[in-house]
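Structure first, commentary second.
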Number of protein chains: 2
Amino acid sequence: MSVPTSVPDSETRLTADDHQALRLWLRLMACTTVIETEVRQGLAREFGTTLPRFDFLSQLDRVPEGLRMGELSQRMMVTGGNVTGIAAALESEGLIDRQPDPKDRRIYRVRLTNAGRRSFRRMAAAHEGWIVDLLAGLEDSQQAQLIELLAGLKKHVLARVQAEQ
Amino acid sequence: MSVPTSVPDSETRLTADDHQALRLWLRLMACTTVIETEVRQGLAREFGTTLPRFDFLSQLDRVPEGLRMGELSQRMMVTGGNVTGIAAALESEGLIDRQPDPKDRRIYRVRLTNAGRRSFRRMAAAHEGWIVDLLAGLEDSQQAQLIELLAGLKKHVLARVQAEQ
DNA sequence: TATTGTTATACTCTATAACTATA
DNA sequence: TATAGTTATAGAGTATAACAATA
């Protein structure tokens, strides 16, 4: 077995006296960046798509009745104009449709088409496979602990972010 | 105190029977996205800069002798052309300089200028402040555990990624 | 021939702000 | 007036591939 070369990365800038919070953040980002790069490459290579589009479709997959543009914007943490752009691209590919709400005609309800659902399910299966492969061999107990601790982190940080608005 | 509204996000798509690995990944990404959004906004608002540029400078800050373009590309996990573009922007702002290596004239050694170092240090201090504020109140012991566990995750994933190449 | 880095290209994502339509 | 969404704009980041210079 070959020992992987240790490539210094963004975390390398740390010294011992930095704040614990900063160390945690840089380590978190380093982990995410590595995995995310793999996912982006896989989506591009195997499906000719991008992470934001995959994310858009995944939001819709569990909500058969569809979502509004504004809800999508909030969930994806991007501004409204972007959602319009991504939605236009996905609509032109036939993966989603937009129905005006009969009660309030300012609102569009966005849903997956059947083709969109099939397409998304294939991507999601591949995505899950990449992740399972990447993490294969990491102790279940460690994964479980991380899931627990990250839940706490997420809740904490979200509360902070929303409090400052 | 107001209870933050729970906004469903990318993690919402999960159901109980999904793989643990996938749950871990989506939670990791959700945490990173929230913090990263804050950092991006802060860098844009207070310094008119971006995360990739900040990352570029931070790579150089701990390496007084400088780095090659290729090393920067590797550490930032982006392809070479991008590094050239970011370097050109930072050079035009006087934050870095590029010296050709006398031994091998294909190589450029990129270093922070004094102005670049001062500029970076101010940004880094603000950055650390944002992170410390965001995580303030999260148990030290939980932070320490996360740092430990994420070290294991990072090592594992990096080994996997490098093995597949 | 291989390596280092640049250039050219095309595309996606992003925020901001002005705008339209509806409530 | 306020809200939902679109459009227009401008800019940044990204990958790919062809390229030049050097080893």
Side-chain angles (χ1 to χ4, degrees), chain A residues 10 29 33 36-57 59 66-93 95-111, chain B residues 10 33 36-57 59 66-93 95-110:
Chain A
S10 300
M29 188 165 48
T33 301
E36 193 176 303
T37 298
E38 290 292 300
V39 170
R40 282 183 195 279
Q41 287 173 354
L43 287 173
R45 185 183 59 241
E46 296 188 22
F47 301 103
T49 194
T50 64
L51 196 50
R53 288 180 191 195
F54 178 71
D55 188 22
F56 190 113
L57 295 176
Q59 296 298 341
L67 291 169
R68 300 179 189 189
M69 298 299 282
E71 288 172 329
L72 284 160
S73 167
Q74 210 174 12
R75 290 180 182 218
M76 296 177 67
M77 299 190 73
V78 296
T79 52
N82 303 311
V83 175
T84 300
I86 296 175
L90 295 174
E91 191 172 28
S92 80
E93 294 170 29
L95 301 181
I96 62 168
D97 64 12
R98 289 188 276 192
Q99 300 287 340
D101 184 317
K103 306 244 176 69
D104 179 343
R105 281 150 58 204
R106 292 174 305 180
I107 294 172
Y108 278 102
R109 197 145 285 277
V110 183
R111 293 178 308 186
Chain B
S10 300
T33 301
E36 192 176 304
T37 298
E38 290 293 300
V39 170
R40 282 183 196 278
Q41 287 174 353
L43 287 172
R45 184 181 62 242
E46 295 188 22
F47 301 102
T49 193
T50 63
L51 196 48
R53 288 180 192 197
F54 178 71
D55 188 22
F56 190 112
L57 296 175
Q59 297 298 341
L67 292 168
R68 301 179 189 188
M69 298 298 282
E71 288 171 331
L72 283 160
S73 166
Q74 211 175 12
R75 290 180 182 218
M76 295 178 68
M77 299 190 75
V78 297
T79 53
N82 303 310
V83 175
T84 299
I86 294 175
L90 294 174
E91 192 172 28
S92 79
E93 295 170 26
L95 301 180
I96 63 169
D97 64 11
R98 290 189 274 192
Q99 299 287 340
D101 183 317
K103 307 247 176 66
D104 180 343
R105 281 149 60 203
R106 292 173 303 182
I107 293 173
Y108 279 104
R109 198 146 285 278
V110 184

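Numbered from 1 within each chain, the chains take letters A, B, ... in sequence-line order.
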Heavy-atom pair of closest approach, residues P52(A) and M76(A): O-CE, 3.3 Å
Spacing between I107(B) atom CD1 and dG5(C) atom P, to the nearest angstrom: 6 Å
Nearest-angstrom distance from the residue atom CZ of R45(A) to P of dA15(D): 13 Å
Side chain to side chain contact (heavy atoms under 4.5 Å, CB included) partners for R106(B), two or more places apart: D104(B)
Distances under 3.5 Å between nitrogen or oxygen atoms of protein and nucleotides 11-14 of chain D:
{"residue": "dG13(D)", "atom": "OP1", "partner": "T50(B)", "partner atom": "OG1", "Å": "2.5"}

What pairs of nitrogen or oxygen atoms, one from the protein and one from nucleotides 21-23 of chain C, lie under 3.5 Å apart?
{"residue": "dT22(C)", "atom": "OP1", "partner": "R105(A)", "partner atom": "NH2", "Å": "3.3"}
{"residue": "dA23(C)", "atom": "OP1", "partner": "R105(A)", "partner atom": "N", "Å": "3.0"}

Qualifying residues under side chain to side chain contact (heavy atoms under 4.5 Å, CB included), relative to A87(A), sequence neighbours excluded: F56(A), M69(A), I96(A), R98(A)
d(OH, Y108(A); P, dT20(C)) in whole Å: 16 Å
F56(A) CZ - dT14(C) P separation (whole Å): 12 Å
Sugar-phosphate, base or nothing in reach of R40(A), heavy atoms under 4.0 Å: nothing
Which residue lies more 5' along DNA chain C, comparing T84(B) with T37(B) via nearest heavy atoms: T84(B)
Distance in angstrom units between Q41(A) CD and dT12(C) P, rounded: 18 Å
Side chain to side chain contact (heavy atoms under 4.5 Å, CB included) partners of S73(B), counting only residues at least two apart: V83(B)
Pairing residues for R68(A) by the side chain to side chain donor-acceptor pair (under 3.5 Å) criterion, not counting sequence neighbours: none
Are any protein N/O atoms closer than 3.5 Å to N/O atoms in nucleotides 18-20 of chain D? If there are, list each pair with its distance.
none

For R109(A), salt bridge (charged side-chain N to carboxylate O under 4.0 Å, His left out) partners two or more places apart: none
Qualifying side-chain hydrogen bond (donor to acceptor under 3.5 Å, both in side chains) pairs with a residue from residues 39-51 of chain B, counting only residues at least two apart or across chains: E36(B)-R40(B)
Residues which pass salt bridge (charged side-chain N to carboxylate O under 4.0 Å, His left out) with D97(B), listed by chain and number, not counting sequence neighbours: R111(B)
Atom pair distance, as rounded to whole Å: CD in E38(B) and C1' in dA15(C): 15 Å
Between dT3(C) (P) and E71(B) (CD): distance, integer Å: 16 Å
Contacts of R105(A) that satisfy salt bridge (charged side-chain N to carboxylate O under 4.0 Å, His left out) - sequence neighbours left out: none
Heavy-atom side-chain proximity of L67(B) to R75(B) below 4.5 angstrom: yes
Whole-Å distance separating the CZ atom of F54(A) from the P atom of dT12(C): 18 Å
Pairing residues for T37(A) by the side chain to side chain donor-acceptor pair (under 3.5 Å) criterion, not counting sequence neighbours: none
